[in-house]
Protein chains: 2
Amino acid sequence: MKDKTVPDSVIRRLPLYLRVLEELKAKGTEIVSSQQLEDRIGLKATQFRKDLTYFGEFGVRGVGYEVDDLLNRLKKICGLNEEKTAILIGAGHIGTALGNFNQVNNNCKVRIKAIFDKDEDKVGSTIGQIEIQHTDKLPQMIDELDPQIGIIAVPARAAHEITDILIENDMKVLLNFAPVHLDIPDDVYLQGVDLTLELQNLLYYSQNVVE
Amino acid sequence: MKDKTVPDSVIRRLPLYLRVLEELKAKGTEIVSSQQLEDRIGLKATQFRKDLTYFGEFGVRGVGYEVDDLLNRLKKICGLNEEKTAILIGAGHIGTALGNFNQVNNNCKVRIKAIFDKDEDKVGSTIGQIEIQHTDKLPQMIDELDPQIGIIAVPARAAHEITDILIENDMKVLLNFAPVHLDIPDDVYLQGVDLTLELQNLLYYSQNVVE
DNA sequence: TAGATTGTTAATCGATTAACAATC
DNA sequence: TAGATTGTTAATCGATTAACAATC
């Protein structure tokens with residue numbers, strides 16, 4: 001099931017499709033056409049159909065897509081049909097937000113099961129229901145929980161060290177919030193979310209107003 | 001100074017270049033070649049040079065780039081040479097993290113000057129040094145502060161309403177953290193950061209491990 | 001059958017990368 | 001001058017979109 005044939009850009013759109021399909025299902029819509037999806041998603045109908053071709057056939061020509069069926073099949077493809085275990089390193093502002101957010105947001109399927117911080121003062125207190133543990137316990141806890149996903153929310157200077165620990169302990173899927181470029185082996189998937197860059201990017205547009 | 005000729009992809013890389021140049025400056029490096037930057041940024045030297053061509057000539061052939069000069073000129077191009085005023089709507093988990101983060105992170109240049117929430121219980125309390133005001137005060141405060149950037153961190157269901165208010169009050173640059181697609185006029189620049197999508201995207205890779 | 005909408009191929013568009021002439 | 005590295009053009013690559021045959 002390892003499709004390196006499917007482009008990243010396609011993968012990133014799948015959760016978007018799922019979100020809209022969930023909405024339609026909630027409204028009781030049973031059949032939907034790619035054209036109807038176009039407006040709701042803000043993407044071309046053609047793109048939606050093209051994206052689906054990477055995974056098989058999902059619709060009925062002349063009719064459209066059965067919402068519930070499409071939803072279930074796409075969920076499975078995305079891995080959204082079952083919960084995956086994540087650990088969070090760093091209990092600062094962003095880490096805290098993510099931890100709380102994760103407890104609330106039930107349909108996300110990424111379940112944070114442990115939170116770590118280097119600060120002794122934070123160790124022992126909780127975010128959501130989860131007690132913060134010392135970073136020293138990382139290897140031990142990874143072994144215990146066997147988490148699929150590691151979320152890095154430590155300051156930039158600590159990010160390399162933490163990443164090394166995660167990789168040494170065989171973690172393969174990482175989400176990095178630290179504002180640094182991390183070098184990783186080929187068999188690890190790293191996704192970056194850089195809030196500082198997002199904010200800075202706005203500056204350009206606020207001085208060069210769009211068209 | 002409105003260059004719709006410069007591709008979005010290039011703009012998004014500029015803050016990345018700045019970050020590395022700042023590091024080099026701090027280390028006392030005076031001259032740097034595109035080749036040396038390649039490893040530090042994780043992008044091709046050619047791409048760096050190509051990106052710069054949209055804005056002029058910055059280096060000396062056979063020598064390289066003068067770090068301080070390049071830094072200053074790029075900062076100006078990005079709008080990073082002066083502070084811009086932002087307002088934040090929504091004081092939930094993400095809003096709180098952003099607010100706190102913004103007070104700490106001085107070199108970001110996006111300065112949150114006001115925070116709003118609809119919840120009467122939150123109104124009056126503070127994030128960082130900033131007092132939370134009721135959403136009703138938005139039009140009045142926009143008029144007073146004349147902010148360039150609006151940050152939307154409200155729940156999905158409230159995002160459309162807030163966005164309409166911001167646009168009605170002439171705001172042109174928006175950052176949206178709510179997990180919804182927002183339809184906006186052509187003359188508004190909207191950038192989306194969707195943490196749920198980022199997390200969900202990881203699920204695919206955690207079941208289809210990379211190569 | 002006529003109308004509709006999919007799945008897929010082909011055309012277009014844009015972004016990245018390689019190559020190299022210009023020049024310090 | 002020889003060596004180095006830029007700025008820029010041309011080639012490549014990949015992603016989006018248009019078009020249409022397949023088919024319900």
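Below, chains carry the letters A, B, ... as their sequence lines are ordered, and counting in each starts from 1. Values reported hereafter were calculated over all heavy atoms of this structure, with side chains retained and with hydrogens, waters and symmetry mates removed.
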Once side-chain hydrogen bond (donor to acceptor under 3.5 Å, both in side chains) is applied, do any residues pair with [X], and if so which ones, sequence neighbours excluded?
| X | result |
| --- | --- |
| Arg40(A) | Glu23(A) |
| Glu144(A) | none |
| Lys44(B) | none |
| Asn72(A) | none |

Report all side-chain donor-acceptor pairs from residues 9-17 of chain B shorter than 3.5 Å, counting only partners two or more places apart or in another chain.
unit_1   : atom_1 : unit_2    : atom_2 : d
Arg12(B) : NH1    : Glu198(A) : OE1    : 3.4
Arg12(B) : NH2    : Glu198(A) : OE1    : 3.4
Arg12(B) : NH2    : Glu198(A) : OE2    : 2.9
Arg13(B) : NE     : Asp51(B)  : OD2    : 2.7
Arg13(B) : NH2    : Asp51(B)  : OD1    : 3.1
Arg13(B) : NH2    : Asp51(B)  : OD2    : 3.3
Tyr17(B) : OH     : Asp51(B)  : OD2    : 2.6

Can you measure [X] atom [atom1] to [N] atom [atom2] for me and round it to whole angstrom units?
| X | N | atom1 | atom2 | answer |
| --- | --- | --- | --- | --- |
| Gln35(B) | dT6(D) | CD | P | 9 Å |
| Leu37(B) | dG7(D) | CG | P | 12 Å |
| Phe48(B) | dT5(D) | CZ | P | 14 Å |
| Leu52(A) | dT6(C) | CG | C1' | 10 Å |
| Phe58(B) | dT8(D) | CZ | P | 11 Å |
| Tyr54(A) | dG14(D) | OH | P | 11 Å |
| Glu38(A) | dT16(D) | CD | P | 14 Å |

- Query: Is a donor on one side and an acceptor on the other found under 3.5 Å between the side chain of Asn100(B) and the backbone of Thr96(B)?
  - Reply: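 Side chain of Asn100(B) to backbone of Thr96(B): a pair is present.
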- Message: Can you list everything that forms a ring pair (Phe, Tyr, Trp, His ring centres under 6.0 Å) with Tyr65(B)? Sequence neighbours excluded, please.
- Response: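 Here the qualifying residues are Phe48(B).
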- Item | Tyr65(B) side chain near dG7(D) phosphate (N/O to OP1/OP2, under 4.0 Å) |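 Checking dG7(D) against Tyr65(B), a side-chain N or O does come within under 4.0 Å of OP1 or OP2.
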- Message: For a quick test of reading the model: is some side-chain N or O of Ser34(B) closer than 4.0 Å to OP1 or OP2 of dT5(D)?
- Response: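 Checking Ser34(B) against dT5(D): no side-chain N or O falls below 4.0 Å of OP1 or OP2.
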Enumerate donor-acceptor pairs with a distance under 3.5 Å from any side-chain N or O in residues 26-34 of chain A to protein atoms, sequence neighbours excluded.
unit_1   : atom_1 : unit_2   : atom_2 : d
Thr29(A) : OG1    : Leu24(A) : O      : 3.4
Ser33(A) : OG     : Gln35(A) : N      : 3.4
Ser33(A) : OG     : Gln36(A) : N      : 3.1
Ser33(A) : OG     : Gln36(A) : OE1    : 3.3
Ser34(A) : OG     : Arg49(A) : NH1    : 3.1

- Message: Under 4.0 Å, counting only non-hydrogen atoms across every strand here, what does Ser33(B) touch: a base, just sugar-phosphate, or nothing?
- Response: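 Sugar-phosphate only.
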- Does Phe55(A) have Arg73(A) sitting over its ring (NZ/CZ under 6.0 Å from centre, angle to axis within 45°)?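 No, Arg73(A) does not sit over the ring of Phe55(A).
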- Tell me, which pairs form a ring pair (Phe, Tyr, Trp, His ring centres under 6.0 Å) where one or both residues lie in residues 27-47 of chain B, sequence neighbours left out?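 Listed once each, the pairs would be none.
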- Produce a footprint string for nucleotides 17-24 of chain D: one letter per nucleotide, 5' end first; B if the base is under 4.0 Å from any protein heavy atom, S if only the sugar-phosphate is, - if neither. BBB--BBB
Contacts table for residues 148-169 of chain A: side-chain donor-acceptor under 3.5 angstrom, sequence neighbours left out:
unit_1    : atom_1 : unit_2    : atom_2 : d
Gln148(A) : OE1    : Thr85(A)  : N      : 2.9
Thr163(A) : OG1    : Ala159(A) : O      : 2.6
Asn169(A) : ND2    : Ile165(A) : O      : 2.8

- Task: Any chance you could encode DNA chain D as dot-bracket? Rule is Watson-Crick or G-U wobble with both distances under 3.5 Å; [ ] for pairs crossing earlier ones, | for another strand.
- Result: ..||||||||||||||||||||||
- Specify the residues of residues 9-24 of chain B, ordered by number, for which at least one heavy atom lies under 4.0 angstrom from an atom of DNA chain D.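 Hits under 4.0 Å, by residue number: none.
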